[in-house]
Every structure is written in C-alpha cells, then in structure tokens.
2 protein chains.
Amino acid sequence: MMETEIFRALADPTRRAVYERLAAAEMNVSELRAGFAISQPAISQHLAALRAAGLVTERRQGRFTYYRANPAALAPVVDWVERYRNFWPKRVESLKQVLKDMEP
Amino acid sequence: MMETEIFRALADPTRRAVYERLAAAEMNVSELRAGFAISQPAISQHLAALRAAGLVTERRQGRFTYYRANPAALAPVVDWVERYRNFWPKRVESLKQVLKDMEP
DNA sequence: GCCATATATAAGCGATTGCTTATGTGACGG
DNA sequence: CCGTCACATAAGCAATCGCTTATATATGGC
C-alpha cells in the first residue's frame, strides 16, 4: 500500500523535521545534517526512507547531492483524509485538485 | 509530539482499515473483529493505539464497548500538510477551518 | 451465587525500527 | 595517481511493533 509507506515516513519526528527543512529550501546532505544531532548515515537513511516514499527528490551535482521536498507526494495523505469528507463539507475537494495540478 | 502519535497510528494498514470501518458506522469490538483475520486482543490493541491518538472514541454500554471514528482528530494531519501551503494556493485554509468547527 | 460473554491487559516472540560504527563509491584538488 | 571530501551502504544492536496465547475484569442471564 502506497499510503502506508508515506504515513510511515512521516511518522518519525526527525524525518518530518528533515522534510520541513527541505520544504523551506533545497539543500545538500551536509547542510541538512548541520541542523540535527545525529550521524551522517542516520540522515542518509532518513533521506532514503523519504525518497522511497517519493516525498523528496534528489539532484546530484558533483560530489554533492541536493534534496528538495516534493509536496505533490503528500496527495495520498490528503486523499486518505478526504475519504471521510462525508463527515464534513466537501470543500476538501479543492485541496485534492490543487495537489493534482502540481504533478510534474 | 502529538502529530507523531497520529501519524504512527495511521501508518499501520490494519489500523487504517479499522478506522475506516468505524468511520462508516459505530460498532462494538466483536462486530469490528468480524471483518479481520486477527485475534480479539490484536483488535483491542489497535483500538488502544487509535484511542491514545484520539482518533476514535469509546462508549461503553453493558458488556459492549462501541467505538466510532473521531474525524476531528485528523485535524493535526491536515494542519501539518497545510504548513507547506506556500507551495500551493491557500485554499487549504478552508479545510483547516472546517475541522476546527467540528470540535465538540 | 455461578457461568458464559465482551473486552482489556499481560507476557512472550520474531520482525522491524532508528541509531551507531565501519566501510564502500565516486568526484574533486593537488 | 592520491588523498580527501560527500554521501551511500553494510553490519550490528537495543528498543519498539504487531502478533499470539493466557489471564484478568466486568457485565448479564440464569
């Protein structure tokens, strides 16, 4: 299940923090690591999880790998929440559409 | 972190399925169990996780405990996604407001 | 009171998580 | 080339997960 991988990736607070930093600005691994008190491999492993879920994309440039958030990959989360829209008005539709429009 | 507990609760596919069934209809544990191929304690443990995250509420009636989904508890998920609204138009605001209006 | 029913909790177990240290891989600068 | 830098991968480990079986806690019917 695709949603499982995304929810699982976001379930870790460090990983959400990584995503948040990458949403603010594209960054290479060393720059990213600066904000956290964990080892470089730990960061790489978190990035691998986010990458597998499609939540971040990488761009290799020489020795550096630049990562950025891919907010379009959050669509399944909104989709899932949206399935319970019968509980509330269907204004949620708009968000779903916006995310769909972002697809590359 | 509150979001962590919610994301973690939703990260398990069985738990999401439980939530989905409880979103469709209030149900006691035995009725709920009928739809799954796992033991009664396993269901109770999933319900405990969902309950701890505030995603479901219980109503005891005699020997039975009836559970129902509490969609308002999904608000932090929408909130979190919404934090990246700078990537997309701010129509997301409306969803946040709707969820806030649902609070008991 | 006594027994069955409905659910929760405890205990135990293999699988998975998130971290660490160690090592690999590839690109740059001398 | 050769050493260093940027990053990924491997291996190992304690903690946590999701499940099981066993047991506790209520409630209801007799």
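Throughout, a chain's letter reflects where its sequence line sits, starting with A, and its residues are numbered from 1.
For the pair A/Asn28 CG and D/dC5 P, the computed distance is 15 Å after rounding to whole Å. If you measure from atom CD of A/Gln61 to atom C1' of C/dG26, you get 15 Å, rounded to the nearest angstrom. Rounded to an integer number of Å, the gap from A/Ile43 CD1 to D/dA6 C1' is 14 Å. Nucleotide C/dT20 holds its C1' atom 12 Å from the CZ atom of A/Arg33, rounded to whole Å. C/dT25 atom P lies 15 Å from atom CZ of A/Arg60, rounded to whole Å. At whole-Å resolution of the value, CZ in B/Phe7 and P in D/dT16 are 21 Å apart. Atom pair A/Asp12:CG and C/dG18:P shows a separation of 5 Å (rounding to whole Å applied). The interatomic distance linking A/Phe36 (CZ) with C/dT20 (P) rounds to 13 Å, in whole Å.
For the atom pair B/Leu22 CG and B/Leu32 CG, the distance stands at 5.0 Å (nearest 0.5 Å).
Here salt bridge (Lys or Arg N to Asp or Glu O under 4.0 Å) pairs that include residues 67-77 of chain B, with residues two or more places apart or in two chains, are B/Glu26-B/Arg68.
Among the heavy atoms of the strands lying under 4.0 Å from B/Arg8 are primed sugar atoms or P, OP1, OP2 only; no base atom is included. Residue B/Arg15 is classed as a sugar-phosphate contact, given heavy-atom separations below 4.0 Å to backbone atoms only. Residue B/Tyr67 is in sugar-phosphate contact alone, with no base atom involved, counting any heavy-atom pair closer than 4.0 Å across all strands shown. Within the 4.0 angstrom heavy-atom criterion, only backbone atoms of the sugar-phosphate kind lie near B/Thr65; the bases stay farther away. Using a 4.0 Å heavy-atom distance criterion, B/Ser39 is classed as a base contact.
If you check the side chains of A/Arg33 and A/Ser39, you find no donor sitting under 3.5 Å from an acceptor. A/Arg60 and A/Tyr66 form no side-chain donor-acceptor contact under 3.5 Å, judged by distance and modelled atom types alone.
Nearest nucleotide to the A/His46 side chain, out of C/dG18, C/dA8, D/dT20: C/dG18. Residue B/Ala42 places its side chain closer to D/dT20 than to any other of D/dT20, C/dC19, D/dC7. Of the candidate nucleotides D/dA10, C/dC19, D/dC7, D/dC7 has the atom lying nearest to any side-chain atom of A/Phe64. Distance from the side chain of A/Ile38 is smallest for C/dC19 among the nucleotides D/dA22, D/dT9, C/dC19. Comparing atom distances between the B/Gln45 side chain and each of D/dT20, C/dG18, D/dT4 picks out D/dT20 as nearest.
The hydrophobic clustering, which links ILVMFWY residues whose side-chain heavy atoms are closer than 4.5 Å, places A/Tyr67 and A/Phe36 together.
Of the side-chain N and O atoms in A/Ser44, none sit less than 4.0 angstrom from OP1 or OP2 of D/dT9.
Taking the six-membered ring where tryptophan is involved, the planes of A/Trp80 and B/Tyr19 are tilted, since the angle between them lies from 30° to 60°.
For D/dA8, the base has a donor-acceptor partner in the side chain of A/Gln40 [N/O atoms by modelled type, under 3.5 angstrom].
Nearest-nucleotide positions on DNA chain C place A/Ala37 closer to the 5' end than the other of A/Arg63 and A/Ala37.
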